[in-house]
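Numbered from 1 within each chain, the chains take letters A, B, ... in sequence-line order. Computed from a predicted structure; not experimentally measured. Heavy-atom basis, side chains included; hydrogens, waters and symmetry copies ignored.
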Amino acid sequence: MDYKYLAELLFPHVTLGPEDMEKRYPPRNLPEGAVVSRHAPSPTGYVHLGNIVQSLTSERVCHQSGGVMYLRIEDTDTKREVKGAVGALIDSLAHYKIKFDEGATADGEIGAYGPYRQRQRRDIYHVYAKHLVLQGKAYPCFCTAGELEAIREHQRAEKANLGYWGPWAVWRDRPFEDIENALKADRPWVLRFRSSGSIKNKYKFYDLIKGEIDITENEIDIVLLKSDGIPTYHFAHVVDDHLMRTTHVIRADEWIASLPVHIQLFRALGFKLPEYAHIGPIMIMDGSSKRKISKRKDPQFGLIYYKKSGYPVEAVYEYVLTILNSNFEDWRRANPDAPAEKFPFSLRKMNPAGSLFDAAKLSDISKNVVSKMTADKIYADLLEWAKEFEPPFATALSADPEYAKAIISIGRGGKKPRKDYGTWAELREYMRLFYYDTFTIVDKYPEGADKDDIKATLKRFLETYDPADEQGVWFAKIKSIASSLGYAAEMKEYKANPGAWRGSVADISMFLRVALTGKLSSPDMYAVMQILGKTRVRQRLEAMLSRLG
RNA sequence: GGCCCGUUGGUCAAGCGGUUAAGACACCGCCCUUUCACGGCGGUAACGGGAGUUCGACUCUCCCACGGGUCACCA
């Protein structure tokens with residue numbers, strides 16, 4: 001077989017060789033130990049938790065080592081592409097504090113190792129494709145989809161391993177005339193790799209997360225170039241990561257199955273193998289069994305879910321960090337106020353298995369994160385959220401920022417801040433009672449509550465109520481109402497002998513609380529009254545009075 | 001079916017031949033307390049099964065079971 005002639009026939013337009021590529025993309029000038037890695041999504045327009053998990057891992061490893069993090073767009077599958085997806089992806093990731101040093105941008109790119117969109121790298125792949133043909137390591141295959149399916153059918157019947165390999169690789173050793181004729185007939189072709197591997201050969205490989213794994217050599221003649229001349233993932237991965245001088249390939253572990261192919265290609269092309277780190281999938285509880293979290297069934301997988309629910313980005317960031325490196329929690333306790341970026345992230349601490357998505361944990365982290373924010377920051381984030389998802393609420397918030405901030409400030413700061421809400425949607429519910437238009441009685445008075453006592457409490461409170469009272473004076477008044485109605489003013493006395501009173505000051509407080517907040521539970525009632533102000537307090541108490549008749 | 005990965009309490013997980021097998025979330029109880037939230041104290045709860053190796057296995061080896069991934073001109 002005259003490989004040189006075949007190569008010219010297949011790639012007449014390719015004049016450059018691998019050495020030209022080496023010159024164009026020289027090794028990076030980085031200090032020892034600097035990691036170069038990337039996020040390499042396909043632009044489907046759907047940004048999900050998996051994107052954060054993978055890109056955050058890469059980003060941390062790169063930037064902690066003084067290396068380079070870049071964004072490469074894997075747009076080799078034209079069918080899946082969605083316009084505007086790249087910009088949306090970059091925005092989303094930036095929102096979650098994941099920034100790139102080089103690579104694709106919404107409308108262009110930065111960096112010296114581009115292009116960073118694979119479809120624009122066609123000529124580069126063809127240089128290596130031609131080079132492989134020249135060496136007899138690749139050949140054209142003219143099988144149609146139907147023919148390939150027939151082969152698989154046959155293999156299933158014979159219980160043979162599926163795939164285009166060995167004796168089933170019908171174009172692998174075709175006479176040159178057949179190839180030439182097919183080419184002349186203008187039949188579409190793909191370029192396949194001529195595998196010299198055997199599934200009988202196994203060797204050990206070290207993955208940075210999984211540890212030592214067993215590799216069985218690949219013997220399938222995989223497709224390098226599709227019939228439109230665009231490379232498959234495998235070929236693009238090997239060429240790009242070599243030329244872009246990637247030192248660490250960090251990706252989801254569904255790729256581990258094709259690792260033998262990738263290693264094989266790196267060797268065939270004479271490239272140095274990068275380090276690999278395969279991340280376990282995020283699982284979800286489905287009934288009583290675990291399964292991989294899915295974009296179709298699980299809304300929590302899409303990042304839009306967190307935005308809509310109003311999870312602070314810091315909370316999602318910390319949650320993901322907790323999943324990736326569980327010692328992050330210990331670190332956080334030891335460094336409660338340090339930026340999360342200071343955490344020493346480590347691939348070695350990552351669990352080789354997939355971890356389960358835990359909504360309760362996210363919620364807990366979120367409450368803690370929010371409890372440490374300032375009222376100004378919360379107000380700003382809440383307003384931004386409301387503008388997008390609850391416009392009427394946004395209007396109410398903007399109408400009186402100081403009022404809103406006063407509500408947000410209840411129990412904030414100090415050593416033991418309240419943790420009432422972890423999301424902006426929860427905060428909106430929490431704030432509801434402060435906005436008269438949406439004020440509703442949610443909880444009724446309990447069965448045993450004496451209607452006359454309630455009315456008497458509200459009336460007497462109204463008579464003595466003075467917004468200027470200090471909290472001590474204010475509560476003393478409530479205690480005195482309790483005493484006058486036969487309720488214990490001191491809880492200790494009440495608990496010692498409950499039968500001696502009609503109830504306690506806790507009941508009296510509850511009478512007021514329901515009228516004031518519509519609920520049996522609320523934040524500190526003194527603070528609530530201070531914020532509501534004299535007018536609203538009177539209105540609500542009077543409204544309840546007239547309701548009770 | 002072939003190949004590969006995984007398996008410590010309900011969940012996230014420390015552990016890396018000798019531990020009373022951490023901690024966090026969730027749950028339960030008590031305390032604090034005018035309710036709630038916070039906080040404090042305490043509690044329930046785990047090494048998938050079986051053979052080895054070893055004086056000694058959660059830790060090493062093998063087999064099995066279960067869960068997951070992958071076998072495309074998708075990434």
Side-chain angles (χ1 to χ4, degrees), chain A residues 40-42 44 74-77 79-80 118 141 143-145 148-149 152 155-156 159-164 188-192 199 202 207 210-211 213-216 218 220 222-228 230-234 236-237 251-260 278 280-281 283 285 288-292 319 322-323 326-327 329-330 332-333 349 351-365 367 371 410-411 414-421 430 443 475 478-479 482 489 491 504-510 512-514 517 519-526:
Chain A
S42 57
T44 59
E74 312 229 320
D75 56 0
T76 55
D77 184 11
K79 294 183 289 292
R80 300 212 302 182
Q118 290 182 327
C141 164
C143 284
T144 62
L148 292 173
E149 185 46 45
R152 274 192 290 272
Q155 287 170 330
R156 270 189 282 267
K159 291 198 189 335
N161 282 341
L162 265 36
Y164 196 93
W189 55 277
V190 300
L191 189 73
R192 285 187 183 273
I199 56 168
K202 293 171 194 287
D207 180 275
K210 303 277 182 189
I213 57 180
D214 291 306
I215 300 275
T216 302
N218 166 59
I220 292 176
I222 58 131
V223 172
L224 261 19
L225 253 27
K226 299 186 259 187
S227 57
D228 57 3
I230 292 175
T232 55
Y233 170 87
H234 311 295
H237 154 52
R251 47 150 55 161
D253 74 354
E254 65 201 50
W255 288 110
I256 233 171
S258 42
L259 189 53
H278 288 94
M283 315 289 280
M285 215 56 185
S288 57
S289 63
K290 288 185 194 178
R291 52 150 240 265
K292 196 175 163 185
Y319 176 64
T322 305
I323 287 183
S326 65
N327 57 321
E329 285 190 271
D330 295 331
R332 177 45 90 207
R333 261 192 299 284
K349 295 297 281 182
N351 191 332
S355 51
L356 199 71
F357 177 85
D358 187 347
K361 188 77 178 183
L362 204 212
S363 174
D364 177 68
I365 288 174
K367 282 181 180 176
S371 78
I410 297 174
K415 261 202 112 36
K416 298 188 283 187
R418 295 184 66 92
K419 297 174 182 173
D420 293 289
Y421 40 83
Y430 174 86
D443 294 328
F475 196 54
I478 291 175
K479 280 182 176 177
M491 288 307 289
S504 72
V505 69
D507 297 308
I508 299 298
S509 296
M510 182 263 287
L512 286 165
R513 176 172 287 109
V514 172
T517 69
K519 292 184 174 180
L520 286 165
S521 65
S522 77
D524 177 65
M525 200 159 51
Y526 178 73

For this session: Would you check if A/Phe475 stacks with the base of B/U34, given a 5.5 Å centroid limit and a 30° plane limit, both strict?
Result: yes
Determine the interatomic distance between [atom1] on [N] and the same-named atom on [M]; round to the nearest Å.
N	M	atom1	value
B/G29	B/U44	P	15 Å
B/C73	B/A65	P	32 Å
B/C25	B/G42	P	14 Å
B/A14	B/A24	P	15 Å
B/G48	B/C66	P	16 Å
B/C47	B/C12	P	16 Å
B/U7	B/U54	C1'	24 Å
B/U59	B/G15	P	15 Å

Exercise. Would A/Arg418 and A/Asp420 count as a salt bridge (Lys or Arg N to Asp or Glu O under 4.0 Å) if you check the C-alpha gap in whole Å, the side-chain angles of each, and the deciding distance to 0.1 Å?
Worked result: CA-CA 6 Å; A/Arg418 295 184 66 92; A/Asp420 293 289; 2.7 Å; yes
Exercise. Looking only at N and O atoms, is any donor in the side chain of A/Ser227 or the base of B/C73 less than 3.5 Å from an acceptor on the other one?
Worked result: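 Flag set: donor-acceptor pair detected.
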Problem set entry | base_contact_polar (B/C36 base, A/Arg513 side chain, donor-acceptor, <3.5 Å) | no
Exercise. Which comes earlier along RNA chain B counting from the 5' end, the contact point of A/Pro231 or that of A/Arg333, where each point is its nearest nucleotide?
Worked result: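 Final value for this comparison: A/Arg333.
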Problem set entry | A/Ser258 vs A/Ala506, nearer the 5' end of RNA chain B by closest nucleotide | A/Ala506
Ion pair [X]/[Y], N-O distance below 4.0 Å:
X	Y	value
A/Arg333	A/Asp330	yes
A/Glu74	A/Arg251	no
A/Arg332	A/Glu329	no
A/Lys79	A/Asp77	yes
A/Asp364	A/Lys367	no

For this session: May I ask you to say what A/Cys143 touches in the nucleic acid, namely base, sugar-phosphate or nothing, with a heavy-atom cut-off under 4.0 Å?
Result: base
For this session: Remember a base hit wins even if backbone is also touched, and classify A/Ser363 as base, sugar-phosphate or nothing at under 4.0 Å, heavy atoms.
Result: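 It contacts nothing in the nucleic acid.
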Exercise. Can you tell me if A/Thr44 and A/Arg80 form a side-chain donor-acceptor pair at under 3.5 Å?
Worked result: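 No, A/Arg80 and A/Thr44 have no side-chain donor paired with an acceptor closer than 3.5 Å.
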[X] [atom1] - [N] [atom2] separation (whole Å):
X	N	atom1	atom2	value
A/Asp77	B/C74	CG	P	6 Å
A/Ile230	B/C74	CD1	P	10 Å
A/Leu259	B/G69	CG	C1'	13 Å
A/Asp330	B/A13	CG	C1'	10 Å

Any idea which of [options] is nearest the [X] side chain?
X	options	result
A/Thr216	B/C3, B/A75, B/C73	B/C3
A/Glu254	B/U70, B/U34, B/A13	B/U70
A/Glu329	B/C4, B/G6, B/A24	B/A24
A/Val505	B/U34, B/G23, B/C73	B/U34
A/Ser522	B/C4, B/A75, B/U35	B/U35
A/Lys361	B/C73, B/C25, B/A37	B/C25
A/Arg152	B/A72, B/U70, B/A26	B/A72
A/Arg418	B/A37, B/G23, B/U34	B/A37
A/Lys419	B/C38, B/C73, B/C5	B/C38
A/Ile213	B/C5, B/A37, B/A75	B/C5

In the strands shown, is [N] matched to any nucleotide by a Watson-Crick or G-U wobble pair with both distances under 3.5 Å, and which?
N	value
B/U35	none
B/C41	B/G29
B/A14	none
B/U70	B/G2
B/G9	none
B/A46	none

Within the pair [X] and [N], is there a side-chain N or O less than 4.0 Å away from OP1 or OP2?
X	N	value
A/Lys416	B/C32	no
A/Lys202	B/C4	yes
A/Lys79	B/A72	no
A/Thr76	B/A75	yes
A/Asn351	B/A13	yes

For this session: Could you tell me how the ring of A/Tyr233 sits relative to the ring of A/Trp255: parallel (under 30°), tilted (30 to 60°) or perpendicular (over 60°)?
Result: parallel
